[in-house]
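See below for the structure under consideration.
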Amino acid sequence: TCIMIDYALIAFFTMASNMKIKERWLDKLLCSDADELLEREGATADGIAIIDELNSAYQRTGLTERIVSTIVSESRRIHAISGSPIRILEIGMRDGGFLCEISKVAKPERIPLDLHGVEFRADLTTLASERVSLEGLPIHTHYDASRTLDSFASRDFDIVYSVFVMHHQSQDELNQLLSASFRVSRNAVYHLDLTRSFSALALIWSFYTMFRYRASRQDAVLSCRRAYRPNEIVALMNDLHVGRGAIIKRIFPMYWSLYQSYEGDAA
């Protein structure tokens, strides 16, 4: 029903000005700035249960494979031209699961990677350190309470990416984090996040209910309510004057991606 309402409203408000009216009307019902449990508590027992369910959901939907493939492909291109080890930074690494998968996929191809992850909560950084150590993988974990990533130098990494991190940020934090991600990258930037809509909200609730992801369902629904739309990210980046070559697009039905690939692609 929510999906039908969302599509009916989109069809009705066809003009650009009326689309803005429609979005404002929907946002009165949809938007929330409440804290998510994982965001509030980090690596408590409940927080770890949410992380484990999220990892399972990403595997089940194929998102993990898609993200890892994107980062490894970009690493392969850069290494083929530079011949140097590829330095990668994940912003908001949670338990380091994506970095572990990237390391495992790249190893058979002998792509030399220097993998780093940063978190904004100390207990999540500790959790990531413990889990990557158990995997025996050479992944560096960092804690940084700021969103400006001042602990990293400009152009310090070949690739900077995040997965479902941007919706956790306030407007000011988002400004800082987007600017920082382009500042510390010398080659490529990739961000994937939820988009805010009733259809996305209905699909997320249905999926997490169907597969009994009870620990993470409330956080997942709240994530959608807090998410930014692609057009909001475009406007923000224009104001910040960053990512001139980046491509921002909605991935139906519930995601958006920001992708600035390695300039050497054209060569």
Side-chain angles (χ1 to χ4, degrees), residues 58 61-93 97-118 139-140 147-149 152-167 169 174-195 227-252 254-267:
Y58 300 156
T61 59
L63 267 173
T64 297
E65 182 180 358
R66 174 179 184 161
I67 293 158
V68 170
S69 176
T70 297
I71 302 304
V72 171
S73 295
E74 197 74 11
S75 301
R76 187 186 302 115
R77 284 192 290 269
I78 298 172
H79 177 62
I81 293 175
S82 70
S84 302
I86 307 304
R87 285 174 57 82
I88 297 175
L89 175 67
E90 179 180 1
I91 298 173
M93 64 183 162
F98 285 112
L99 289 168
C100 290
E101 290 300 316
I102 290 168
S103 179
K104 293 173 184 177
V105 170
K107 185 176 181 179
E109 297 189 40
R110 298 187 177 181
I111 304 172
L113 301 181
D114 182 11
L115 297 171
H116 296 255
V118 61
I139 297 171
H140 307 279
R147 300 304 190 272
T148 54
L149 304 181
F152 303 108
S154 296
R155 298 174 59 81
D156 201 9
F157 296 93
D158 294 286
I159 301 171
V160 176
Y161 76 97
S162 74
V163 183
F164 303 136
V165 171
M166 297 305 173
H167 66 265
Q169 316 305 315
L174 181 62
N175 292 355
Q176 295 171 357
L177 202 52
L178 275 176
S179 295
S181 67
F182 284 96
R183 178 184 65 80
V184 302
S185 174
R186 56 177 170 263
N187 286 318
V189 175
Y190 178 69
H191 297 299
L192 180 73
D193 213 310
L194 292 167
T195 190
Y228 296 91
R229 294 192 177 98
N231 62 324
E232 293 170 339
I233 301 298
V234 171
L236 177 59
M237 290 179 62
N238 287 337
D239 290 341
L240 294 173
H241 304 292
V242 297
R244 293 296 185 183
I247 297 173
I248 303 171
K249 62 180 180 180
R250 181 175 181 179
I251 304 171
F252 184 82
M254 64 181 70
Y255 308 119
W256 59 261
S257 68
L258 183 162
Y259 191 21
Q260 179 167 281
S261 62
Y262 178 42
E263 292 179 357
D265 266 358

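The chain is numbered in sequence order, starting from 1. Source: prediction; values computed, not measured.
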**OP:** Please name all residues satisfying side-chain hydrogen bond (donor to acceptor under 3.5 Å, both in side chains) with Ser185, sequence neighbours left out, ordered by chain then number.
**Re:** none

Subject >> Heavy-atom closest pair, residues Leu174 and Met166 >> reply: CD1-SD, 3.5 Å

Subject >> Gap separating the CE atom of Met93 from the CG atom of Leu99, nearest 0.5 angstrom >> reply: 7.5 Å

Original post:
Between Ile88 and Phe157, which heavy-atom pair has the shortest distance, and what is it?
Top reply: C-CD2, 3.8 Å

**OP:** Could you tell me the separation between the CD atom of Glu90 and the CD1 atom of Ile102, rounded to the nearest 0.5 Å?
**Re:** 6.5 Å

**OP:** Measure the CG-OH distance between Leu194 and Tyr228 for me, rounded to the nearest 0.5 Å.
**Re:** 13.0 Å

Subject >> Donor-acceptor contact below 3.5 Å, side chain Thr70 vs main chain Arg66 >> reply: yes

**OP:** For Lys104, check side-chain hydrogen bond (donor to acceptor under 3.5 Å, both in side chains) against everything at least two apart and list the hits.
**Re:** Glu135

**OP:** Just jot down the side-chain contact (heavy atoms from CB on, under 4.5 Å) partners of Ser73, sequence neighbours excluded, or say none.
**Re:** Ser69, Arg76, Arg77

Original post:
Can you name the nearest heavy-atom pair linking Ala246 to Gln260, along with the distance?
Top reply: N-OE1, 3.6 Å

Original post:
Excluding sequence neighbours, so at least two apart, what forms side-chain contact (heavy atoms from CB on, under 4.5 Å) with Pro112?
Top reply: His79, Pro85

**OP:** Taking Ser181 for its side chain and Leu178 for its backbone only, find out whether a donor-acceptor pair lies under 3.5 Å.
**Re:** yes

**OP:** Identify the two heavy atoms, one from Ile91 and one from Val160, that lie closest to each other, and give their separation to 0.1 Å.
**Re:** CD1-CG1, 3.6 Å

Subject >> Partners meeting side-chain hydrogen bond (donor to acceptor under 3.5 Å, both in side chains) with Ser75 (sequence neighbours left out) >> reply: none

Subject >> With sequence neighbours excluded, residues passing side-chain contact (heavy atoms from CB on, under 4.5 Å) with Ser82 >> reply: Ile78, Ser84, Ile86

**OP:** Only counting residues at least two apart or in another chain, list the ones meeting salt bridge (charged side-chain N to carboxylate O under 4.0 Å, His left out) with Asp193.
**Re:** none

**OP:** Return the minimal non-hydrogen interatomic distance between Glu74 and Tyr262, and the atom names on each side.
**Re:** OE2-N, 2.5 Å

Subject >> Pairs where residues 235-244 contributes a residue and the test side chain to side chain donor-acceptor pair (under 3.5 Å) is met, not counting sequence neighbours >> reply: His241-Arg244

Original post:
When you measure from the side chain of Arg183 to the backbone N and O of Leu149, does any donor-acceptor pair fall under 3.5 Å?
Top reply: yes

**OP:** Return the set of residues passing side-chain contact (heavy atoms from CB on, under 4.5 Å) with Ser257 (not counting sequence neighbours), or none when no residue passes.
**Re:** Tyr190, Leu192, Lys249, Ile251

Original post:
Which word best sums up how the rings of His191 and Phe182 line up, parallel for under 30°, tilted for 30 to 60°, or perpendicular for over 60°?
Top reply: perpendicular

Original post:
Rounded to the nearest 0.5 Å, how far does CG of Asn187 lie from CG of Asp158?
Top reply: 5.0 Å

Subject >> By side-chain hydrogen bond (donor to acceptor under 3.5 Å, both in side chains) - contacts of Glu101 (at least two apart) >> reply: none

Subject >> Distance-minimising heavy-atom pair for Arg155 and Arg186 >> reply: O-NH1, 2.7 Å

Subject >> salt bridge (charged side-chain N to carboxylate O under 4.0 Å, His left out) against Arg87, all qualifying residues, sequence neighbours excluded >> reply: Asp114, Asp156

Subject >> Set of residues satisfying ring-ring contact (aromatic ring centres under 6.0 Å, His included) with respect to Phe98, sequence neighbours excluded >> reply: Tyr58

Original post:
Can you name the one residue among Val184, Leu240, Thr148 that meets side chain to side chain contact (heavy atoms under 4.5 Å, CB included) with Ser179?
Top reply: Leu240

Subject >> Backbone of Arg229 reached by a side-chain donor or acceptor of Arg250 within 3.5 Å >> reply: no

